[in-house]
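Have a look at the structure below, then the notes.
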4 protein chains.
Amino acid sequence: MTDDGQRPPARTRRLPRAVRERQILDAAVQVFSRHGYHAASMDEVSDVAGVSKPMIYAYLGAKEDLFAKCIGREAARLLEAVRTGVHAELPPDMQLWHGLRAFYRFVAEHREAWTVLHRQALTVGGQFAGEVNALRKRAIDLVAALVVSAGTRQGLGEAAEFSGPALAVALVGAAESLADWWLDHPDVSDGVLASWLMNLVWLGFNDLVEGKVWRPQ
Amino acid sequence: MTDDGQRPPARTRRLPRAVRERQILDAAVQVFSRHGYHAASMDEVSDVAGVSKPMIYAYLGAKEDLFAKCIGREAARLLEAVRTGVHAELPPDMQLWHGLRAFYRFVAEHREAWTVLHRQALTVGGQFAGEVNALRKRAIDLVAALVVSAGTRQGLGEAAEFSGPALAVALVGAAESLADWWLDHPDVSDGVLASWLMNLVWLGFNDLVEGKVWRPQ
Amino acid sequence: MTDDGQRPPARTRRLPRAVRERQILDAAVQVFSRHGYHAASMDEVSDVAGVSKPMIYAYLGAKEDLFAKCIGREAARLLEAVRTGVHAELPPDMQLWHGLRAFYRFVAEHREAWTVLHRQALTVGGQFAGEVNALRKRAIDLVAALVVSAGTRQGLGEAAEFSGPALAVALVGAAESLADWWLDHPDVSDGVLASWLMNLVWLGFNDLVEGKVWRPQ
Amino acid sequence: MTDDGQRPPARTRRLPRAVRERQILDAAVQVFSRHGYHAASMDEVSDVAGVSKPMIYAYLGAKEDLFAKCIGREAARLLEAVRTGVHAELPPDMQLWHGLRAFYRFVAEHREAWTVLHRQALTVGGQFAGEVNALRKRAIDLVAALVVSAGTRQGLGEAAEFSGPALAVALVGAAESLADWWLDHPDVSDGVLASWLMNLVWLGFNDLVEGKVWRPQ
DNA sequence: AATGAATGAGATTTCATTCAT
DNA sequence: AATGAATGAAATCTCATTCAT
C-alpha cells in the first residue's frame, strides 16, 4: 500500500540524507532477502534503491555495515511490534498469545524483513551472530520469563522433565518454523496460527504444571 | 581414528574413483559448513580434499552440483539414521521418541552435516530448496503420519484448533531449534532432549485428542 | 601560535578569497606531504582546510592545478629564503655558506613544504618536473655560478677532472641528502650542517683550483 | 638487445612458474618506474607482462607485495653489482672509486630499476621505507666504513668539523644526484663521473685528515 | 559565497572454470 | 588418472569532479 521501495523510486534527485538512507535500507533488505548476503550485489542494491553506489558507501558504509544496519533496523522493528502487541497486564497465556499474533502479523507484513532476519543472517559465519542472536535471545528470554512466571505461580519446581530455557527455545523454534510454513500457506489467519501453537504448547505445559509427565514406555 | 577429512589425505595417487569422490565430498561438507555456499571456495575444497580442482570438476561437476551432492548425501544419511532409529512396530509415541533420539544422535555425530543441511542450504535463494525441502518434507510427513495415526486412532477429527501438517511443522521446527541450542549445551543427553520435546508436545497433543482446547480468554 | 592549518579552521564563513586560498593551500601542502600526490584525496584536503570541495575547485582548480600551485608557492618561498640568506657582497665561500644555512633553516621550519618539494613532486611522472626542476635548476645554477666565479677568479680552466654544472649537481644532491638525514637528527644546528658541507666540498674544490688532482692509482 | 620484456612476450603459453614470475617482475619494474606506485595500474602491468591479472595475484600477491618484491630484487641486484665492483684488497680510495663506477654502470644498464629504487619507493608513505632505506643504509654504512678506515688510518679523530655518518650521507646524496643528472647527459663515461666525485670529495676529505679546516670568515 | 548531494569511471582483487600436458 | 597453468567475468570500493540550491 505504502511505497516501500518496491519500484525504483523514480530517481528523484537531491533528497535529504535521512530519506535516502531509508530508501537504501529498504532496497537492501529487499535484495538481501532475495539472494542472501553473499549473493547479493551492491549493484543490485543501488539499482533497486535508485541511487548510485557511491551514495550507499557514503551513507551506510561497506557491504557488511549495510547488512548489519538492515538486521539492526528490522530486528528493532520486530521487537517493537511484539512488545506493542503483548499486554503486560494480562495473564501469561494471553500475553503469549498476543505476542505470537503480533509476531505473525509482522512476518506477514514484512516478509522480506523476516527472511533476512531468519534465514540470511544465519549464514554469514557468525559474523552477524551478534545482532541476530541478540534478537533471538531476547525473544527466548521473554518467552522463558512467561513460562517460568506461569510455572512458579502454579508451583512447578525444577523437574527433570522440564527446562525453562529449553522449552522457550523449542517454542521459539516452533513459532519460527510455523512462520516459514505460513509463507506458503497464506490462507490461514494469524490468530489461527497462534491458536495452534497455544494448543500445542500451552496444554502440554499445563499438564507438566499439574504433574503429568510423559515417560518412555 | 576415522578419516573425517581433517587433514589433507596426503595427496595419494591413483585411487579408485569412488574413494576420490568420497574424499572430495567429505572435504566439501567441511568447507561448506564452515563458510556457507557462497563464501566457500573451490580452492579450499581442493586443498582440504588433497585433490586438484580439475578432478573435482571431472568427478562431481560444478560448484552447484557439488553442493547439491553434499546436501543429497547428508540428507540421505540423516534420513537413514532416523529411519533406523524408529521402530515401526512400537506405538506412535515411542516411535516419535526414538526418532527424536536418533535425530539428535546424528546431529551430535555429524555437526558439519547438520550445519550444511540446516543453515547453509537455506541461503541459496531457493536454488537448493528442492534438495533440502524434500528432506524436511519427508521428516514432516513422517511426523504428520505419526500424529494423524495417533489422532485418528483416538477419534480426533479435523478441528479448527488443530492441523496435522502444521503441528508437524511446529514439532520439526522445535526439534531443529533444540538441536541448534544443543550445539552450545552439549552436557545434555539426547534422551533428555527428546524427553523434553515429548513432554511438551505429546502431552499437549493428547489433550487435544481428548477434546481439551485452549481458547483466548 | 602561527596558523599552520593543523586544526580545521573552525569553518568560518564569508572570508575574502585570498584568505580562503591560503587556507586551502596550507591544507593541501599538509596533505600532499603526508600521502604524496596520488594517495592524497581531495576529501582530506577539504576536511583539513575546513572548506567544502566545490570551493577548492572554484578557487584553485582541479587536483593537478592544486598540486602545481602548492609546488609553486613553496618553491618560491624556498628560493626567497635562500636569496635573502645569501649576501651577494660577500666572497663566494661565504655566500655558499650562508645560502646553505638559509636552506637548512627553511627545511627545519617548513618540513612539510620540503617534503612536498623534494619527495612527492618527483613521483608524478615528470608531470610536475617543470615546476620542481625549475627550482632545482635555479638552485644548481646559483651554485654553479658561485663555483665558476670562484674557479675563474683563481684561474681554473675547464679540466677533465672538473665540470662546473656537475659539481653543482653533486653539491645540491649532497645538501638535499643531508637535509633528509637532518630530519631524523634534529640535534645538529644548521650552522654545523652547513660547515660539514663546506669542509667537504669547498676544501676539495680549492684543491682542484690549486691544481691538485686525484687520479686512480 | 636481450629480451627484457619491452614488448609483450608474444603471449607464450604454459611457461614454468619461475619464468612467468620473472616476466611479471620485469614488467612491474618497468611500469612502476614509469608511473610510480600509485599511478601504476595492475592492468598495465598485466598487459606489459603479457599475462592475465589473476596470474600476477597468484604468483606475486597484491600490488603492495608486487612492489616490495620489485624493490627487493632490484636492491639486491644493485648491491650485488657494487659489491662485485669493489675490490676489498685495494686501498680505500680505490675501493670507493671502483664502487662508484660499478654503481654508475648499474644505473646506466638498469635505468628503470634505478628509477624505481630512487624515486618511486620514496613516495609510498614510509610503507617501503624498510626495503629502500635498508639498501640506502647499507650503502651509507659501506661508505662510512671506508671513510672511517681511511680517517683513522691517518689519525683523524672525531672533530667538530666532521662526522663520519653525515659525510657518508652527503657523499651518497651527491652520487645519487649525479646519477640522476647523468640520465640526461649520457655522453659522459662512468669513469669520468666517478672521477669527478672523487676529486670533489676525496680531496676535501684528505684536507680534513691533514688538519685543514674551512671556517666561516 | 558556499555547500550537501550526487555520480561516472576506474581501481584492486577474487573466483569458478578450463586447457594442455 | 591427474594437475599446474591460465583466464574471463564480476565483485567491492574509492575518487575526482559537478550540480542544484
Side-chain angles (χ1 to χ4, degrees), chain A residues 11-21 38-46 50-59 61-66, chain B residues 11-17 19-20 38-46 50-59 61-66, chain C residues 11-17 19-20 38-46 50-59 61-66, chain D residues 11-21 38-46 50-59 61-66:
Chain A
R11 188 64 65 152
T12 350
R13 304 220 168 218
R14 209 139 292 253
L15 294 186
R17 173 164 182 155
V19 176
R20 279 279 190 248
E21 284 192 356
H38 283 290
S41 88
M42 297 298 271
D43 266 303
E44 187 173 353
V45 173
S46 97
V51 157
S52 71
K53 267 186 296 175
M55 289 257 70
I56 302 182
Y57 284 89
Y59 283 175
K63 195 183 185 184
E64 261 190 35
D65 303 318
L66 180 59
Chain B
R11 187 68 61 154
T12 2
R13 303 208 171 226
R14 300 267 153 188
L15 292 188
R17 171 157 183 159
V19 177
R20 279 276 191 248
H38 278 102
S41 86
M42 297 297 272
D43 267 301
E44 189 175 350
V45 173
S46 102
V51 159
S52 73
K53 273 188 292 177
M55 289 252 60
I56 301 181
Y57 282 86
Y59 282 176
K63 195 184 186 184
E64 263 189 34
D65 304 319
L66 180 59
Chain C
R11 187 70 57 155
T12 1
R13 300 203 173 229
R14 298 266 155 190
L15 292 188
R17 172 158 183 156
V19 177
R20 280 273 191 250
H38 278 102
S41 87
M42 297 298 271
D43 268 300
E44 190 175 348
V45 174
S46 102
V51 159
S52 74
K53 274 189 291 177
M55 289 252 61
I56 302 182
Y57 283 87
Y59 283 176
K63 195 184 185 183
E64 264 190 33
D65 304 319
L66 180 59
Chain D
R11 187 66 63 152
T12 348
R13 304 224 166 215
R14 209 137 293 252
L15 295 185
R17 173 166 181 151
V19 177
R20 278 280 190 247
E21 284 191 357
H38 282 290
S41 88
M42 298 298 271
D43 266 302
E44 188 173 352
V45 174
S46 98
V51 158
S52 71
K53 268 185 297 175
M55 288 259 71
I56 302 182
Y57 284 88
Y59 283 174
K63 193 184 187 184
E64 260 190 36
D65 303 319
L66 180 60

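Quick note on labels: first sequence line is chain A, next is B, and so on, each numbered from 1. Atoms considered below: every heavy atom in the structure, side chains included; atoms not considered: hydrogens, waters and symmetry mates.
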Between P on F/dA11 and CD1 on A/I56, what's the gap in Å once rounded to a whole number? 14 Å
Can you tell me which stems DNA chain E forms when a stem means 3 or more consecutive Watson-Crick or G-U pairs under 3.5 Å? E:2-21 with F:2-21
Partner set under side-chain contact (heavy atoms from CB on, under 4.5 Å) for C/M55, not counting sequence neighbours: C/R20, C/V51, C/S52, C/Y59
d(OH, B/Y59; P, E/dT17) in whole Å: 19 Å
Measure the spacing between CG of A/D65 and CD1 of A/I56 and express it to the nearest 0.5 Å. 12.5 Å
Who are the side-chain contact (heavy atoms from CB on, under 4.5 Å) partners of C/Y57, not counting sequence neighbours? C/M42, C/A62
Gap between atoms CE and C1', on D/M55 and E/dT17 respectively (whole Å): 14 Å
Quick check for you: among E/dT7, E/dT3, F/dA6, whose closest atom lies nearest to any side-chain atom of D/R20? F/dA6
Of all the heavy-atom pairs spanning D/H38 and C/A39, show the shortest one and how long it is. NE2-CB, 3.5 Å
Ignoring hydrogens, what is the shortest heavy-atom contact between B/K53 and B/S46? Give both atom names and the distance. CG-CB, 3.7 Å
Quick one: label D/R17 by what it contacts on the DNA or RNA (base, sugar-phosphate, nothing), any heavy atom closer than 4.0 Å. sugar-phosphate
For A/E21, all residues meeting side-chain hydrogen bond (donor to acceptor under 3.5 Å, both in side chains), sequence neighbours excluded: A/R17
Take nucleotides 11-16 of chain E nucleotide by nucleotide from the 5' end and write B, S or -, depending on whether a protein heavy atom sits under 4.0 Å from the base, only from the sugar-phosphate, or from neither. -BBBBS
In whole angstrom, what separates D/E21's CD from F/dA6's P? 11 Å
